[in-house]
Protein chains: 2
Amino acid sequence: MYTIGQVSEMFGLPISTLRYYDKEGLFPNIERISGIRRFSDAEIEAIHVIECLKKSGMEIKEIKQFMQWCTEGSSTYPLRKELFENRRKSVENEIEQMQKTLDMLRFKCWYYEKAIKDGSEENINAMLPDQLPADIQALYNHAHE
Amino acid sequence: MYTIGQVSEMFGLPISTLRYYDKEGLFPNIERISGIRRFSDAEIEAIHVIECLKKSGMEIKEIKQFMQWCTEGSSTYPLRKELFENRRKSVENEIEQMQKTLDMLRFKCWYYEKAIKDGSEENINAMLPDQLPADIQALYNHAHE
DNA sequence: ACTTGACCTAAAGTTAGGTTCAGGTATTAC
DNA sequence: GTAATACCTGAACCTAACTTTAGGTCAAGT
């Protein structure tokens with residue numbers, strides 16, 4: 001069992017954020033002793049899940065819905081499973097998008113390295129859009145798809 | 001040369017967003033004919049870069065700074081190169097974080113699949129935190145690092 | 001002439017996800 | 001007994017990145 005201050009330390013989250021999450025209904029079963037929140041292992045795991053779902057792009061309201069399902073027993077297992085499967089697909093997709101972004105950044109790193117060597121962008125721009133060295137062309141194409 | 005409406009179509013960005021970018025200084029050299037914006041190839045490539053830098057987590061103000069450097073000639077090549085190298089590192093890092101998120105999601109997919117089969121979470125919770133099947137344990141550990 | 005459609009501006013409004021503030025309680029340390 | 005700490009609340013505030021609104025220009029078609 002932990003106080004809000006201890007949990008704040010554990011996760012590096014401000015106390016105000018934890019209280020905000022509670023206010024938004026993300027800890028529906030949290031225990032209180034004379035008004036003071038006691039975070040149990042269930043809430044600790046909930047915070048891991050909250051962080052995960054947030055990074056996956058979910059909004060607080062939707063996360064609240066999930067936490068609600070968790071209090072409703074085994075009948076909501078299929079709903080919860082579906083939620084995680086959708087999130088998984090969404091994150092897999094997002095990682096693919098990030099790879100495109102990364103290829104654009106790698107292309108631009110090459111671009112400016114060469115521009116510095118050449119003293120100008122002229123040579124490079126003469127190679128655009130399809131006369132770049134093969135490996136760089138692949139980055140450029142991927143980024144501009 | 002394109003009108004704002006054509007560019008909006010090309011990128012799937014609202015016209016209001018393009019005007020907002022212009023107001024924020026993201027197209028420092030855009031041509032206007034009797035008040036109407038003409039987007040040249042330079043602005044088209046700028047939008048590709050803006051999208052990329054936004055996805056990399058940069059703020060509009062910082063992107064404006066970069067666009068400013070682009071108008072200042074070859075003396076700013078090193079600054080621009082450094083910016084892209086920092087962005088590349090940052091995105092590489094972010095992708096690693098996303099892999100952790102993904103492993104949590106994969107773990108939870110397994111969790112609910114098994115909970116549905118078993119009819120309850122009891123069996124699973126008895127395996128936590130370190131008696132899970134090896135492949136699942138790896139996901140769990142990665143996600144809870 | 002007049003209506004339609006695509007463009008323009010400045011300024012106000014919106015949203016999510018917090019953060020800060022003002023004022024209060026409860027426990028422990030001296 | 002009083003002072004420091006750690007907790008509490010509701011309400012106001014904040015920020016980035018847009019979006020909407022209200023009012024206006026201008027060219028082409030009928």
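Letters A, B, ... are given to chains in the order of the sequence lines, protein chains preceding strands, and every chain is numbered from 1.
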Pairs flagged by salt bridge (Lys or Arg N to Asp or Glu O under 4.0 Å) wherever residues 25-34 of chain A is involved - sequence neighbours left out: A:Asp22-A:Arg32
Which is the 5'-most and which the 3'-most nucleotide of DNA chain D that has an atom under 4.0 Å from a heavy atom of chain A? D:dC7 to D:dT9
Just list the side-chain donor-acceptor pairs under 3.5 Å for residues 124-132 of chain B, sequence neighbours left out, or say none.
residue  : atom : partner  : partner atom : Å
B:Asn125 : OD1  : B:Tyr111 : OH           : 3.4
B:Asn125 : ND2  : B:Glu121 : O            : 3.4

Across the strands shown, which category fits B:Ser34 at heavy-atom distances under 4.0 angstrom: base, sugar-phosphate, nothing? nothing
Regarding A:Lys54 and A:Glu51, does a basic nitrogen lie under 4.0 Å from an acidic carboxylate oxygen? yes
Which pairs, with at least one residue in residues 131-145 of chain A and sequence neighbours excluded, count as a salt bridge (Lys or Arg N to Asp or Glu O under 4.0 Å)? A:Lys100-A:Glu145
Contacts of B:His48 that satisfy side chain to side chain donor-acceptor pair (under 3.5 Å) - sequence neighbours left out: none
Restricting to pairs with a member in residues 56-68 of chain A, which pass salt bridge (Lys or Arg N to Asp or Glu O under 4.0 Å), not counting sequence neighbours? none
Results of side chain to side chain donor-acceptor pair (under 3.5 Å) for B:Ser40 - residues two or more places apart only: B:Glu43
How would you list, by chain and number, every residue that makes a side chain to side chain contact (heavy atoms under 4.5 Å, CB included) with A:Glu96, sequence neighbours excluded? none
For A:Glu72, check side chain to side chain donor-acceptor pair (under 3.5 Å) against everything at least two apart and list the hits. none
Does anyone know the first and last nucleotide of DNA chain C in reach of chain B, 5' to 3', at under 4.0 angstrom to a heavy atom? C:dC7 to C:dT9
Sorted by number, the residues of residues 5-32 of chain A with heavy-atom contact under 4.0 Å to DNA chain D: A:Gly5, A:Ile15, A:Arg19, A:Arg32
Could I get the full list of side chain to side chain donor-acceptor pair (under 3.5 Å) partners for B:Ser75, not counting sequence neighbours? none
